[in-house]
Amino acid sequence: YHQCGGYRRRNKKTRNSHIATMFGNITLWRTGYRSWQPGETAIFPLERMLGLTEGVSPALLSFMGRSICSAGMSQDATIALLREQCAVAMGIKRLRRCTEVFSDAMSELRQSHQVDALLEALAQAAQSRGNRKPVVAVGRDGITLREYRHRFFEVATAATVSVYDRAGKRLKTIYLAWPPELGQSTMDSMLTALLEELFSRLSGPLPRLAYVTDSGSTEIGYFSRVLRRMKHPATGKRMDWLRVADFYHVSERVWAMADALFTKNQEQQATAWARRMLKKLKRPSGASRVLHSAASLFHRRQLGKTRKEDFWKAYRYIQKRTEHLRYSKYLSDHIPIGSGVTEAACKTIYTQRLKLSGMRWSKEGAKRILTLRTILLSRTWEATFESYLYSLIPTDIRPYEAGSNEHLQNAA
């Protein structure tokens with residue numbers, strides 16, 4: 001009995017000589033079951049019980065998934081690797097079908113195991129040595145990719161959720177990624193769902209919550225729309241998210257002001273002033289000190305129109321974000337002040353896999369690769385794949401006569 005219909009066992013076994021495994025192709029003899037309804041295709045319960053996908057064993061499917069989403073790999077390189085290490089010949093179409101099915105299945109299981117990894121890291125952080133609370137730091141950033149079909153550039157997005165212990169050591173980072181999308185609403189939903197499940201399953205006191213990003217419109221919008229209004233799933237109280245403006249983007253504005261205030265002949269003075277200001281940024285009231293020093297120099301110098309515009313552009317960037325530049329307090333509480341983890345994520349997730357020379361991809365194809373790659377980089381592959389194996393157990397095949405063990409054994 002399968003999917004509301006009855007099936008009758010065939011008398012003779014048939015062969016499938018294209019079963020791909022880790023040790024090459026094998027021939028599988030299996031018994032087919034023909035539907036009682038005309039026009040329905042036959043089913044092979046043994047193949048379903050073995051978890052075959054497009055004639056590929058689960059172990060080989062995991063190997064294929066790891067290979068195709070690894071840095072520097074491509075479809076051709078994956079096919080060559082399968083031929084060399086597993087003696088399996090496979091075409092592009094079969095590889096794509098396997099990747100599609102496997103990625104879709106792993107995507108449904110990804111979030112729960114990423115939350116498990118974060119909860120384990122938080123438990124470890126709670127037992128760590130130090131005089132500060134553990135920290136959960138969230139970051140997101142965009143990266144420019146070229147869409148092949150229409151040949152224009154779009155912005156893909158990556159997000160990270162990191163756990164820091166009481167001494168400020170990073171214990172775990174979870175990665176999320178999504179191909180170019182207008183408004184990036186899917187990434188908003190993915191990241192919000194991950195955080196909500198994390199806090200709903202977290203027992204004990206909340207860690208410090210920090211949102212560390214640059215000042216892009218999408219990044220700021222997510223904080224104002226979602227994080228600033230987020231409530232604890234259990235208590236209903238508003239959660240205290242701290243927004244941190246990325247230190248390295250702010251330091252670029254300090255160097256821009258130095259270039260505007262000093263001439264080319266005063267390069268050493270500009271460098272010395274900028275480095276002194278960067279040290280002041282990490283002290284109490286650092287942003288105000290930097291602005292005061294810059295304004296004092298500005299009024300003592302005669303600048304041209306272009307240099308004035310460059311100066312005020314950098315000056316106002318810092319002035320508008322002063323409340324998010326309390327780096328002295330952040331460092332005291334072991335809160336990261338730079339979005340280096342997220343910046344590195346854009347490189348490791350996208351650049352090392354989707355931006356290789358001559359590489360072409362569609363958004364659907366990129367989505368499948370990104371799903372597998374984020375699971376791999378988050379180091380939750382084994383747990384997610386184990387759940388995938390359990391999901392392969394067929395629960396919709398049973399004897400047509402209820403309670404008949406003999407028919408079940410024959411089907412197996």
Side-chain angles (χ1 to χ4, degrees), residues 1-3 5-35 39-70 73-110 364-365 368-369 371-373 375-376 381-400 406-412:
Y1 190 82
H2 173 60
Q3 293 183 350
Y7 287 79
R8 181 177 291 107
R9 182 177 183 272
R10 290 179 176 178
N11 293 327
K12 294 184 178 180
K13 294 182 179 180
T14 55
R15 56 180 289 177
N16 185 347
S17 57
H18 302 286
I19 303 298
T21 69
M22 290 291 294
F23 45 86
N25 287 319
I26 64 172
T27 299
L28 178 68
W29 290 90
R30 71 273 200 268
T31 300
Y33 284 72
R34 182 178 299 168
S35 175
E40 296 290 335
T41 58
I43 62 172
F44 299 92
L46 181 57
E47 290 189 354
R48 293 174 59 85
M49 293 176 180
L50 291 175
L52 301 180
T53 301
E54 297 293 333
V56 176
S57 69
L60 183 62
L61 195 64
S62 176
F63 178 76
M64 290 167 52
R66 280 179 174 268
S67 300
I68 201 170
C69 72
S70 298
M73 291 298 289
S74 63
Q75 294 178 141
D76 292 336
T78 302
I79 290 175
L81 186 66
L82 292 173
R83 186 183 300 110
E84 177 183 354
Q85 295 195 10
C86 303
V88 172
M90 186 176 297
I92 291 290
K93 291 184 178 179
R94 189 182 183 188
L95 177 64
R96 288 179 177 175
R97 290 196 302 268
C98 291
T99 304
E100 178 182 358
V101 174
F102 187 53
S103 176
D104 292 344
M106 294 281 277
S107 177
E108 297 178 358
L109 305 169
R110 173 180 55 185
E364 286 298 320
R368 297 173 191 130
I369 297 299
T371 297
L372 298 177
R373 185 151 180 75
I375 295 174
L376 183 65
W381 186 279
E382 288 76 12
T384 309
F385 181 67
E386 183 178 355
S387 294
Y388 168 75
L389 290 178
Y390 279 104
S391 71
L392 296 177
I393 299 175
T395 58
D396 55 351
I397 297 179
R398 60 181 177 83
Y400 190 77
E406 179 182 359
H407 288 257
L408 179 60
Q409 293 174 359
N410 291 336

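Nothing here was measured: the structure is a model prediction, and the numbers come from that model.
Residues passing the side chain to side chain contact (heavy atoms under 4.5 Å, CB included) test with Glu108, sequence neighbours excluded: none. Annotation: side chain to side chain contact (heavy atoms under 4.5 Å, CB included) contacts of Thr384 (sequence neighbours excluded): Met106, Leu109, His113, Ile375, Thr380.
We find the OG1-CH2 distance between Thr14 and Trp29 to be 8.0 Å, quoted to the nearest 0.5 Å. Rounding to the nearest 0.5 angstrom, the gap separating the OH atom in Tyr33 from the NE2 atom in His2 is 13.0 Å. In this structure, Ser103 OG and Arg368 CZ are separated by 7.0 Å, a value rounded to the nearest 0.5 Å. Within the model, atoms CG of Asp76 and CG of Leu81 stand 12.5 Å from one another, a figure rounded to the nearest 0.5 Å.
In this structure, the side chains of Gln85 and Phe63 come closer than 4.5 Å at one or more pairs of heavy atoms. The side-chain heavy atoms of Tyr7 and Ile397, taken from C-beta on, include no pair separated by under 4.5 Å.
Shortest non-hydrogen contact noted between Ile68 and Gln75 is CD1-CG, 4.3 Å. Across Ser70 and Leu376, no two heavy atoms sit closer than the pair OG-CD2, 4.1 Å. Counting all heavy atoms, side chain and backbone alike, Phe385 lies closest to Pro58 at CZ-O, 3.3 Å. Residues Cys69 and Gly65 share a closest heavy-atom pair of SG-O, 3.1 Å. Nearest heavy atom pair, residue Ala89 against residue Arg94, reads O-NH1, 4.3 Å. Between Val88 and Thr21, the closest heavy-atom pair is CG2-O, 3.5 Å.
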Side-chain donor-acceptor distances from residues 45-55 under 3.5 Å, at least two apart:
residue : atom : partner : partner atom : Å
Glu47   : OE2  : Asn16   : ND2          : 3.1
Glu47   : OE2  : Arg30   : NE           : 2.7
Arg48   : NH2  : Asp396  : OD1          : 3.0
Arg48   : NH2  : Asp396  : OD2          : 3.3
Thr53   : OG1  : Tyr388  : OH           : 3.4
Glu54   : OE1  : Arg97   : NE           : 3.1

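Crowding of His18 atom NE2: a count of heavy atoms from other residues, nucleotides or ligands under 6.0 Å not exceeding 12. Environment of CZ in Arg10: crowded, with over 12 heavy atoms of neighbouring residues, nucleotides or ligands closer than 6.0 Å.
Screening residues 78-89 for salt bridge (charged side-chain N to carboxylate O under 4.0 Å, His left out) gives no qualifying pairs among residues at least two apart or on separate chains. Residue pairs meeting the salt bridge (charged side-chain N to carboxylate O under 4.0 Å, His left out) criterion with at least one member in residues 13-26: none, sequence neighbours excluded. Counting only residues at least two apart or on different chains, the side-chain hydrogen bond (donor to acceptor under 3.5 Å, both in side chains) pairs with a member in residues 57-68 are Ser62-Trp381, Arg66-Glu382.
Here the side chain of Arg398 pairs no donor or acceptor atom with the backbone of Tyr1 at under 3.5 angstrom. Put simply, the side chain of Thr99 gets close to the backbone of Leu95: a donor and an acceptor are under 3.5 Å apart.
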